[in-house]
Amino acid sequence: MDHAADAHRTDLMTITRYVLNEQTKHPESRGDFTILLSHIVLGCKFVCSAVNKAGLAKLLGLAGDKNVQGEEQKKLDVLSNEVFVKALISSGRTCILVSEEDEEATFVDPALRGKYCVVFDPLDGSSNIDCGVSIGTIFGIYTVKDKNEVTINDVLQPGKNMVAAGYCMYGSSCTLVLSTGSDVNGFTLDPSLGEFILTHPNIKIPRKGKIYSVNEGNAKNWDGPTAKFVEKCKFPEDGSSPKSLRYIGSMVADVHRTLLYGGIFLYPADKKSPNGKLRVLYEVFPMSFLMEQAGGQAFTGKQRALDLVPTEIHQRSPIFLGSYDEVEEIKSLYAAEESKA
Ligand code: AFP
C-alpha cells in the first residue's frame, strides 16, 4: 500500500486553504482578498451547476423559457452576470465592477465598498452552450488607491497592474485556474465536497508547443505577419513537423489547453476587425497575466499585452499568447514587417 500517496490524498489543499497560506506570507494582510475570492468561487460554483443543467433547459424551463409558475426564465449569461455582480458587491470588498454583460461599470455603494476592482466575463463562449462545449468565467482584479474617491480610471489600468487573475472552465470537470502574481495554480471542483481542490500546482507552459489555435475562417482578411506565421505552422521551413490545429471558439477552453500542452492561441486583427475581437479588460489581460506567470508570453502585434493602457472599458485588442518560443516568432515577424515600412 502506498501510504505516502494516501496521506497526500487525505490532505486536501482547498482553494481557501491555499489563499490563506499565501496570506500568511503578507503579515499586513487582513484577509480581504481571501473573502473576495470566496465570493468569486461561490459565483463559479453557481454557474457550474447552472451550466450542467443547461442541456435540460428545454425540459425544465431553465433558460429563455417559462418555468412551472409561467415566469419568464433568464438566459444563462444574464443569470450568471447577476449572480457574480451580487456576490461581488455582497463581499464588501469591491468598489468598481466591469462586466462583459453590462454597458456601464458598476460603482458599488460607498457603504459596501472595499479596495478591489473586478473586471470579468461571467460566461465567455456562451454561443457554445447549446452544443455542450466547454465555456468559462474570466476575471481580473485591481486595487484602488482610495476607495472613497474611485473613478473609471481605476479600472483603465494596464494589465500588469492586476493583483490577480483567473478563469473557471465549465467542461468535463470544473477547473479554476488562478494566479495571485507569483505562480499559476489549477483547482478542480470535487462535486461531492463542493470544494475546489488543488490538482495542478505551479503550472508552467511548455517553452515550445506543437499546437496553434486560430479561427482560420478569417484568413482572407489577415495581415502579413499572421498569414506568414500560420503558413509556417503548416509548412515549417526548418524541416520540423507541422503543428496541429485545435480551435474550440471558446477562449477559456482554447487558453486552458494552450497553458497545459503549450503552443499558441491567436485572435489577430484583420481587415474587417482592425482591433480583433477579444476584449482587453476581461479577456486579453487576465489570460495574458496567467500566461506570463506560467512562463509564456502575450503580445498584441505591437506591444507586450500587459503594457497596453485601455481607454474604454469594453475596448478590444488583437492577441497572440502562449509558449515563449511561438510568441517570440510572431514578434519577430511583426518586427520584420515594421522594418520594411
Ligand atoms: P461568444 O461568447 O459569443 O461565444 O464568443 C466567444 C469569444 O469571445 C471567445 O471566447 C472566443 O475565443 C472567441 O469569441 C471566438 O470568436 P470566433 O467565433 O470569431 O472565432
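Both counts, for ligands and for their atoms, begin at 1 and track the order of listing. Only this structure's heavy atoms are used, side chains among them; waters, hydrogens and symmetry mates stay out.
In terms of the ring-ring contact (aromatic ring centres under 6.0 Å, His included) criterion, residue partners of Tyr282 (sequence neighbours excluded) are, by chain and number, His314.
A salt bridge is absent between Glu231 and Lys228; no separation between the charged side-chain nitrogens and carboxylate oxygens falls under 4.0 Å.
For residues 257-277, the salt bridge (charged side-chain N to carboxylate O under 4.0 Å, His left out) pairs, not counting sequence neighbours, are Asp254-Arg257. Every pair passing side-chain hydrogen bond (donor to acceptor under 3.5 Å, both in side chains) that includes a residue from residues 148-157 is listed here, sequence neighbours excluded: Gln157-Asn161.
Of the candidates Phe265, Tyr334, Tyr212, Tyr334 is the only one forming a ring-ring contact (aromatic ring centres under 6.0 Å, His included) with Phe320.
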Q) So Thr14 and Glu195, side-chain hydrogen bond (donor to acceptor under 3.5 Å, both in side chains) or not? Walk me through it. A) CA-CA 6 Å; Thr14 65; Glu195 292 275 9; 4.5 Å; no
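Ligand 1 is surrounded by Asp124, Gly125, Ser126, Ser127, Asn215, Tyr247, Gly249, Ser250, Met251, Phe265, Tyr267, Lys277, Leu278, Glu283, each with at least one heavy atom closer than 4.0 Å.
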